[in-house]
Amino acid sequence: MAIHERSLVEPERVLRKERLVIDGVDVSGDWNLVILPRVIEDYDLDFLDEVLKQPEGKTILQCYQCSYCTASCPVHNYWDERYNPRHFIYLARLGLIDELQKRADVIWRCVSCHKCTHRCPKGVLVEETLKAILKVMSKKGLIEEYPSKKFDTFFLEAVFEHGRIEDGELLFGWIEKQGYQVFKDPILKKPIPFLGGTPEWLKQLAVKPIKSMNIDFLILNAKHMLFHPKTKNWNKFKQVLRKVFDEEGVSLAH
Amino acid sequence: MAKSVLVIGGGPAGLGAAKALGSLGIPTVLVEKEDKLGGRPVIEDYHTLIPRKMKPDQVIGPFVSDVQNNPNVDVKLGTEVEAIEGEAPNFKVKLSNGDTVEASAIVVATGFQHFDPKRKGELGYGIYPDVITNLELEQMFSREGKLYRPSNGELPKRVAFVFCVGSRDRQLGVTNVHCCRYGCALSGLQGTEIREHYPEVDVFCYYMDVRTYGTWEYPFYWEPQEKHGVRYVRGRIAEITYSPSDGRLRVKHEDTIVQRPSEVPMDLVVLVLGMEPSEGTKKIAKMLGLAQDPDSLFLVPAEEAASNITSNKAGVFIAGACKGPIDIESSIAEGEAAGAEAAAFIGAKVTA
Ligand SMILES: Cc1cc2nc3c(=O)[nH]c(=O)nc-3n(C[C@H](O)[C@H](O)[C@H](O)COP(=O)(O)OP(=O)(O)OC[C@H]3O[C@@H](n4cnc5c(N)ncnc54)[C@H](O)[C@@H]3O)c2cc1C
Ligand code: SF4
Ligand code: SF4
Ligand code: SF4
């Protein structure tokens, strides 16, 4: 069977078999094509239970779908309409997994500005709830390790080491982690991103803020990159933090 | 003979009126066509009432005993009004038991009746045993004390509430376009009771809007959801079917938030019934020439009156669900107000 308006049917709903035998009759060639319906046939109710078990997911049931969050969200407003915190909450509550998976390429794109959480009239911790949804999705193997999680881990590692982050090092280190060849000075092995094989836009990204930076602040930053001050008593905190990480099953490179 | 007041209907509204009149010392005749006072909630064994989560006996019971024990109130059970002649303050009322009552004023409190869900054939009521009404669910709780699927007696794994059955529906003609007002809140309470007693049962409410107005918003919308895990899905159920392969029902609808058709399995489906004027209300309206809404046929207050218990006929006061969907407490309060207005109308004075 031919589909005349193929553009109306998403490719994943079209099943075509080379050989198809129904009730002993070989129908290959003629009736070998099936279009799966759009009907929702069931909910995965277990999904919500998992979200509710996450400390970040406890407020998900408070949502009344007003979309204050989505209307405020920069990612939705300026980037992709498919990124919609309100909608993700609805899908997670009913466990409409295939709908969540359809958005796997955008769902991790939150920039954690927390506008949604600050404005939600129902007291939903929206940003946190979305993290809980992501966590459950990756725990259940419904989504590949989402790219933003890599940055989160990198960020956390920096904090874990020194109790604080150095903006410069975080930025340059992250660029290096992305696989770009970053030129390093031969003595201290610190990255100098505006030299070497870094692409032009990345060089600009590093140079621009440095150019407009207050000179004292620039020196302070350079000093911190060289001497790596730690937060006071950080080693004690670190031990506590390690325990918490161990209990929660968080793994870092260190 | 002292001037007396006739109250037609012994539900919450009529009881409120008779109690007020009796305690003011006014000779009152209360006519109720059933053999029991209390109206629909008592006669039909509602289980737990919104908004106080008390039993009908606790809410309405005190009014019943008060009225029955008041020597000023003459209660006539199993009796209907057959004819009314004359104008205020000289009504002559013929009753079905042969008596004639002379009344100076009348309180009409003849109430409502439930929508008949067989009129919405696509919802499968009367075809599939596991499609029941919310009234039948109340009675399952109050008479049998347990939740089960009528088809096999087993505990359902999933229960769906279908909102607005026989309400807000032009397909039925202009008679049922109003909102039932109690349905959303009662479903929240029934869902909560299911979850409290059977935490393993999943409950779904299918809605177009959730109208738990005023102070009912939290106890009957958000507590069911946040505390008890009742799930709300947006979309009006358009058809209920049965699947012989697993013996379960399917509720067909479009999930309007996801914008996809759905046919999700359910074990018990509860239709949330709308309210219509009772036969008694329509009959009395004709007898007295009371103004009715041209569509729903509920009674309407006089246009020029600021109070909604004042009818278009001098000396006739209207209270409760005969005027449209309303809750019990408001029906009682309207009855009390109508009683007081009737007392003022016949010129009763407080004497020291
Ligand atoms: C399923 C369901 C559940 C509900 N649950 C709640 C709840 O939990 N809480 C709440 O606040 N409200 C609830 N309601 C609404 C509640 O039932 C009404 O608010 C209330 O019954 C209205 O009282 P009423 O006295 O006006 O009318 P009714 O209760 O209808 O009483 C009218 C009385 O008049 C009698 N009568 C009628 N015609 C005549 C006649 N011609 N002559 C003599 N007698 C006559 C009837 O027999 C009846 O006893 C519910 C409604 C439904 C449908
Ligand atoms: S603002 Fe809050 S209540 Fe409104 S849709 Fe977003 S999470 Fe839900
Ligand atoms: S925290 Fe994330 S979801 Fe919330 S408004 Fe900001 S980008 Fe959008
Ligand atoms: S109260 Fe709720 S169920 Fe009843 S008609 Fe209104 S919206 Fe529908």
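What you see is a predicted model, and the numbers here were worked out from it, not measured in a lab. Per chain, numbering begins at 1; letters A, B, ... match sequence-line order.
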Mark yes when over 12 heavy atoms from residues, nucleotides or ligands other than [X] sit less than 6.0 Å from its [atom1]; otherwise mark no.
X        : atom1 : result
A:Glu144 : CD    : no
A:Arg164 : CZ    : yes
B:Lys118 : NZ    : no
A:Phe155 : CZ    : no
A:Glu81  : CD    : no
B:Gln171 : CD    : no
A:Phe151 : CZ    : yes

- Is chain B contacted by the side chain of A:Leu52, its backbone, both, or neither, given a heavy-atom distance below 4.5 Å? neither
- Task: Please state whether the side chain, the backbone, both or neither of A:Leu96 comes within less than 4.5 Å of a heavy atom of chain B.
- Result: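 Side chain of A:Leu96 only, per the 4.5 Å heavy-atom cut-off to chain B.
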- Item | Under 3.5 Å donor-acceptor, B:Arg231 side chain and A:Arg93 backbone | yes
- Query: Is a side-chain N or O of A:Arg38 found less than 3.5 angstrom from the main chain of B:Gln259, in a donor-acceptor match?
  - Reply: yes
- Interface residues of residues 104-127 of chain A facing chain B - heavy atom cut-off under 4.5 Å: A:Lys122
- Closest non-hydrogen contact found for A:Leu91 with B:Val258 is CD2-CG2, 3.7 Å
- Task: Determine, stepwise, if the pair B:Tyr232 / A:Tyr64 fulfils side-chain contact (heavy atoms from CB on, under 4.5 Å).
- Result: CA-CA 10 Å; B:Tyr232 285 76; A:Tyr64 55 21; over 6 Å; no
- Task: May I ask you to list the residues in residues 178-207 of chain B that approach chain A closer than 4.5 angstrom, counting heavy atoms only, ordered by number?
- Result: B:Asp202, B:Phe204, B:Tyr206
- Structural part of B:Val233 lying under 4.5 Å from a heavy atom of chain A: both
- Measure the spacing between CG of A:Leu94 and OG of B:Ser262 and express it to the nearest 0.5 Å.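 It is 8.5 Å, given to the nearest 0.5 Å.
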- Hey, could you give me the CG/NE2 distance between A:Leu61 and B:His228, rounded to the nearest 0.5 Å? 12.0 Å
- Item | Any residue meeting side chain to side chain donor-acceptor pair (under 3.5 Å) with A:Tyr90, in chain and number order, not counting sequence neighbours |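 By the side chain to side chain donor-acceptor pair (under 3.5 Å) rule, A:Tyr90 matches B:Asp255.
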- Task: Under 4.5 Å, counting heavy-atom pairs only, tell me which of B:Arg260, B:Arg234, B:Glu263 racks up the most with chain A.
- Result: B:Arg260
- Message: I need the full list of side chain to side chain donor-acceptor pair (under 3.5 Å) pairs touching residues 150-167 of chain B, with sequence neighbours left out, sorted by first then second residue.
- Response: A:Asp42-B:Arg158, B:Asp130-B:Ser151, B:Asn152-B:Glu154
